[in-house]
Protein chains: 2
Amino acid sequence: MTRLTEAEERAWSGMLNVTAALRKRMGAIVYEAAGLSETDYTVLVPIVYAGDTPLRSSELAEAINWDRSRLSHHLGRMETRGLIRRTQHSEDNRGAVLHITDSGLAALRQASGPHLRSIKSLFADALSATQIEALTEIVEDLERHLATH
Amino acid sequence: MTRLTEAEERAWSGMLNVTAALRKRMGAIVYEAAGLSETDYTVLVPIVYAGDTPLRSSELAEAINWDRSRLSHHLGRMETRGLIRRTQHSEDNRGAVLHITDSGLAALRQASGPHLRSIKSLFADALSATQIEALTEIVEDLERHLATH
DNA sequence: TCGATGTTATTGACGCGTCAATCACACTAA
DNA sequence: TTAGTGTGATTGACGCGTCAATAACATCGA
């Protein structure tokens with residue numbers, strides 16, 4: 001295995017820095033608009049998407065690739081803030097079923113516009129269609145590589 | 001302004017996910033090898049690099065793009081763990097000058113091999129030279145874009 | 001039916017990161 | 001010299017994320 005080159009190192013650290021900076025900027029925008037953090041948003045979207053079909057917290061955890069414990073903590077805080085509710089699963093008594101509250105839904109609606117617009121204006125608008133495509137491929141290659149190592 | 005496309009959304013969320021996954025994997029490798037987190041590493045490298053020229057904590061904070069308060073907290077923990085020391089600046093009595101300890105240096109030496117190798121094997125080896133170049137350009141475009149918005 | 005094993009979800013402890021407040025010192029202008 | 005302003009650094013409070021432990025329930029085989 002050859003050594004890491006300067007160019008490779010720059011690409012990696014650049015990717016780290018720029019994603020962090022983007023997250024921060026976008027997070028601030030969404031928080032200002034709706035009082036939701038990006039993680040709140042991540043959690044709420046699948047709950048709404050599930051609609052009437054009961055969504056268990058372990059399913060959600062897997063869907064968004066979170067640790068169960070992390071999700072449990074975060075749901076606790078979100079419940080305190082009145083964004084979601086947890087009820088018992090009708091068939092599996094261990095289970096918790098997740099619901100969004102009215103105010104959670106209102107906040108999510110407030111958030112979604114700014115959320116999407118910030119991705120557009122801060123990220124997508126900076127890149128050409130070719131770059132978007134190249135980046136997608138890079139990401140997929142990295143994911144595949146990671147999965148097999 | 002047009003709306004965010006599917007492709008753009010996928011590129012963005014993919015980038016987020018894959019950088020997070022890579023950080024996690026690399027972090028675990030370095031931690032196992034030397035008991036240092038990636039943030040410890042980030043902090044120690046410039047201290048060593050400064051060598052004998054006194055490095056103030058505000059300078060370090062700026063160099064690594066950290067909040068002063070965050071750095072202060074982290075330095076406190078690192079000092080407790082015996083990785084660094086803080087002494088008074090000889091001319092500016094407000095100042096703190098940073099030093100790495102022997103065991104900090106030893107840990108850093110332990111960490112650097114695995115650190116670089118993990119970037120190579122988990123990131124760089126997955127991509128072609130062309131992709132590295134494309135990614136670098138993407139990152140730079142994003143940074144420029146971010147700087148002017 | 002009972003016991004072993006697996007699964008769901010939560011909890012506590014602890015390190016981390018952010019924000020606002022604070023303290024100590026330097027610098028400048030009257 | 002001193003009052004006012006600016007800067008370096010730390011602190012406390014608090015929400016977040018990880019890890020290990022635990023509680024509650026399901027499931028399956030004897």
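The sequence lines fix the lettering, A, B, ..., with proteins before strands; numbering per chain opens at 1.
The shortest non-hydrogen separation linking Glu143(B) to Gly14(A) is OE2-O, 4.4 Å. Nearest heavy-atom pair across Ala61(A) and Leu71(A) is N-CD2, 3.6 Å.
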- Task: Indicate for each nucleotide in nucleotides 3-10 of chain C, in 5' to 3' sequence, whether protein heavy atoms under 4.0 Å reach the base (B), only the sugar-phosphate (S), or nothing (-).
- Result: ---BBBBB
- Item | Asp92(B) vs Arg56(B), side chain to side chain contact (heavy atoms under 4.5 Å, CB included): CA-CA, chis, key distance, verdict | CA-CA 10 Å; Asp92(B) 186 337; Arg56(B) 311 188 53 157; 3.5 Å; yes
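Side-chain polar atoms of Lys120(A) and Thr5(B) form no donor-acceptor pair below 3.5 angstrom.
Between Asn93(B) and dA26(C) there is a side-chain polar atom (N or O) within less than 4.0 angstrom of OP1 or OP2.
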Donor-acceptor pairs under 3.5 Å, side chain of residues 95-107 of chain A to any protein atom, not counting sequence neighbours: which ones?
residue, atom, partner, partner atom, Å
His99(A), NE2, Thr87(A), OG1, 2.7
Thr101(A), OG1, Gly82(A), O, 2.6
Thr101(A), OG1, Leu83(A), O, 3.1
Thr101(A), OG1, Gly104(A), N, 3.0
Ser103(A), OG, Gly82(A), O, 3.0

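Leu22(B) and Val30(B) fall into different hydrophobic clusters, where Ile, Leu, Val, Met, Phe, Trp and Tyr residues are linked whenever their side-chain heavy atoms come under 4.5 Å apart, directly or through other members.
Checked against ring pair (Phe, Tyr, Trp, His ring centres under 6.0 Å), His115(A) has the following partners two or more places apart in sequence or in another chain: Tyr41(A). Applying the side-chain hydrogen bond (donor to acceptor under 3.5 Å, both in side chains) test to Arg81(B) and every residue at least two apart in sequence or in another chain returns Asp40(B).
Taking 4.0 Å as the cutoff to heavy atoms of chain B, we find the contact window on DNA chain D bounded by dG6(D) to dA13(D).
Terminal axes of the helix from dT1(C)-dA30(D) to dA30(C)-dT1(D) (five pairs each, C1' rotation axis) are separated by 0°, to the nearest 10°.
For Glu79(B) (side chain) and Arg86(B) (main-chain N/O), a donor-acceptor pair under 3.5 Å exists by modelled atom type.
The aromatic rings of His74(B) and Trp66(B) sit perpendicular to each other, their planes meeting at more than 60°, with 30° as the lower class boundary.
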